[in-house]
Amino acid sequence: MEFLKRIFIVLILVINIYNVNAQVFSDVYAKLQQSQILNDHFFGFSLYDLDSNRYVVDINGHKHFTPASNTKVFTLYTALEMLGDSIPGLQYVEKGDSLLFWGTGDPTFLHSKMDSHVVYNFLKKTEKKLFFIPTPMQNRFFAAGWTMDDFDSYYQPEIATFPIYGNVVTFRENSNNGLKLVPYLFQEKLTIDPSLDKGKFTLSRSFVENQFLQSREKVPSNYVNEIPFKYSDTLAIRLLSDTLNKFIQIIEYSKPTEVKTLYSNATRYVLREMMLPSDNYLAEQILMMISLQKFKMFDTYLVRNWMKDHYFKYYSDEIVLHDGSGLSSYNKITPQNMIDVLVAIKNKLPDESQRFKLFSTGGVDGTLKRSYSTDRGVPFVFAKTGTITSVYCQSGYLITRSGKKLAFSFLNNNFIDERSAIIRKEMVNIMTYIRQNY
């Protein structure tokens, strides 16, 4: 009897704590439920206390949303679990006077901002004959659900096993009102197309080939743009050969069981570069590297299925992911799924100084630099944004003035796209209110 009384007392305490917690955040519930801006579309909001391990606010927490680039939070966690401290830049074997090498999916090779020159210097300095062996991939160059209309947009480079120059051509205005292209090999592929004349300078690419087209308008001063090129192994090696000023032969050769691996960059550095500017190319290639490392082949669906079977199946709701970047409108997650993965990342990286480096800091950097203001000079939101047509999301961590440590997921779908700025402002107002009042 005494034992039953103790259980009853514990249950009463738990219920009272829950009720107090819910009552404390009742004003936040009211703001969310009474917001005309938010209730004009489908939104979900989950707020989770990381210290007491409980939800303090939850609206539509089990409803599925298109997450856009919030997908990258799942890619981040996958990389933290599976990739290791450094990313593989090249696999190779040496046989006599020959060096045979394979791609690893490393997205940083000859990248305009991220190349460590480790792989470049290795290939440049060797006196051995160079042979490249292409590796087939099960992935298509675009993931399921990507829009074909964006084939020439900087944010949608093709997926590849041996990416080079970020799989884009960089266009810069030069002093003669012309354009300088990098890699230079594409310079002769740039022509004027009068059909593009629309009153302002326009740049595009042919849908099926690497023919780049510009309108006849004046190139704006300091103009810089990136356009994905149509990838092939032959083109990649031609670009590499031109850059190294060395002959490289493409051959077929069965990869030995034992190969050497040359590492090119710190994993955390690449993950930060993926997260802060929301780089789709890096996200997809990170999964490619994981696929090769884990399964000895390029098939990112194997990676996603493995994570689903070993980690995500324990999450609050079913998760459906078709890419690593969030470009796919087929991706579906819930706000509570986002909390699940944020908690997992927190457990993986308990040191906030390290964890918060992987998320945009409100009012300071990344995609949240202009969205938030710091509170008395102190940043308080560390999150990932997600934006595609009729989708705007934020998920991450929030620290209140009293020191509460919270994880949150704020997902918005199915609104008229022109309203995204108004929705973003309303979200910031609510998150700032929580910061200042709790």
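Hydrogens, waters and symmetry mates are skipped; everything else that's a heavy atom, side chains included, is used. Computed from a predicted structure; not experimentally measured.
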Side chain to side chain donor-acceptor pair (under 3.5 Å) partners for Q394, two or more places apart =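 Here the qualifying residues are Y372, Y392.
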Kindly write out the residues that satisfy side chain to side chain donor-acceptor pair (under 3.5 Å) with Y311, not counting sequence neighbours, or none if the list is empty.
->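 Y311 satisfies side chain to side chain donor-acceptor pair (under 3.5 Å) with E81 only.
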Using the salt bridge (charged side-chain N to carboxylate O under 4.0 Å, His left out) rule, collect all pairs that involve [range], keeping only residues at least two apart or in two chains.
range            : result
residues 428-437 : D375-R435
residues 350-366 : R272-D365, E352-K405
residues 144-171 : E158-K230
residues 31-47   : D40-R419

Residues that [X] engages under side-chain contact (heavy atoms from CB on, under 4.5 Å), provided they are two or more places apart:
X    : result
V320 : E318, H322, K332
T191 : Q211, L213
K313 : none

Quiz question: by atom type and distance under 3.5 Å, do the side chains of [X] and [Y] form a donor-acceptor pair?
X    : Y    : value
N412 : H41  : yes
S402 : T400 : yes
N429 : T432 : no
N331 : D323 : yes
D340 : S316 : yes
T334 : Q336 : no
D106 : T104 : no

Side-chain touch [X]/[Y], heavy atoms, less than 4.5 angstrom:
X    : Y    : value
F212 : I227 : yes
F74  : R304 : no
T202 : Q214 : no
V270 : M114 : yes
L203 : L190 : yes
L83  : Q293 : yes
P228 : F141 : no
Q34  : N39  : no

Whether the side chain of [X] engages the backbone of [Y] through a donor-acceptor N/O pair (distance < 3.5 Å, no angle test) should be reported.
X    : Y    : result
S328 : Y330 : yes
T361 : V364 : no
S35  : L38  : yes
T267 : G84  : yes
Q187 : L179 : yes
T71  : A68  : yes
S291 : D299 : yes
S241 : I237 : no
Y433 : D27  : no
D279 : M274 : no

Which residues satisfy the ring-ring contact (aromatic ring centres under 6.0 Å, His included) test with Y281, sequence neighbours excluded?
-> none
Which residues pass the ring-ring contact (aromatic ring centres under 6.0 Å, His included) test with H117, sequence neighbours left out?
-> none
If you measure from NZ on K294 to NZ on K296, what distance do you get to the nearest 0.5 Å?
->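 Those atoms lie 9.5 Å apart.
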Starting at CH2 of W102, measure out to CD of Q91 and round the result to the nearest 0.5 Å.
-> 8.0 Å
Do other residues, nucleotides or ligands put more than 12 heavy atoms under 6.0 Å from the [atom1] atom of [X]?
X    : atom1 : answer
D309 : CG    : yes
N222 : CG    : no
Q33  : CD    : yes
K180 : NZ    : no
R172 : CZ    : no
K369 : NZ    : no

Candidate list T75, N139, T78, N305, test side chain to side chain donor-acceptor pair (under 3.5 Å), partner T300, passing option |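 Of all the options given, the one that passes is N139.
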Ring centres of [X] and [Y] under 6.0 Å apart?
X    : Y    : value
F359 : Y397 : yes
Y315 : F312 : yes
Y48  : F408 : no
Y120 : F109 : no

Scan the side chains in residues 381-390 for donor-acceptor partners under 3.5 Å anywhere in the protein, sequence neighbours excluded, and list what turns up.
| from | atom 1 | to | atom 2 | distance (Å) |
| --- | --- | --- | --- | --- |
| K384 | NZ | S278 | OG | 2.9 |
| T385 | OG1 | T367 | OG1 | 2.8 |
| S390 | OG | F415 | O | 2.8 |

Would you call the rings of F43 and F410 parallel, tilted or perpendicular, where under 30° means parallel and over 60° means perpendicular?
->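 F43 and F410: tilted rings.
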Test side chain to side chain contact (heavy atoms under 4.5 Å, CB included) on S264 and I87 and set out the steps.
-> CA-CA 6 Å; S264 64; I87 67 168; 3.5 Å; yes
Taking it one step at a time, do N70 and S395 satisfy side-chain hydrogen bond (donor to acceptor under 3.5 Å, both in side chains)?
-> CA-CA 7 Å; N70 270 204; S395 298; 2.6 Å; yes
Only one of F171, Y165, F229 passes ring-ring contact (aromatic ring centres under 6.0 Å, His included) with F186; say which it is.
->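 Option passing the ring-ring contact (aromatic ring centres under 6.0 Å, His included) with F186: F229.
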Would you check, one step at a time, whether the test ring-ring contact (aromatic ring centres under 6.0 Å, His included) holds for Y438 with F25?
-> CA-CA 9 Å; Y438 288 90; F25 282 88; 4.2 Å; yes
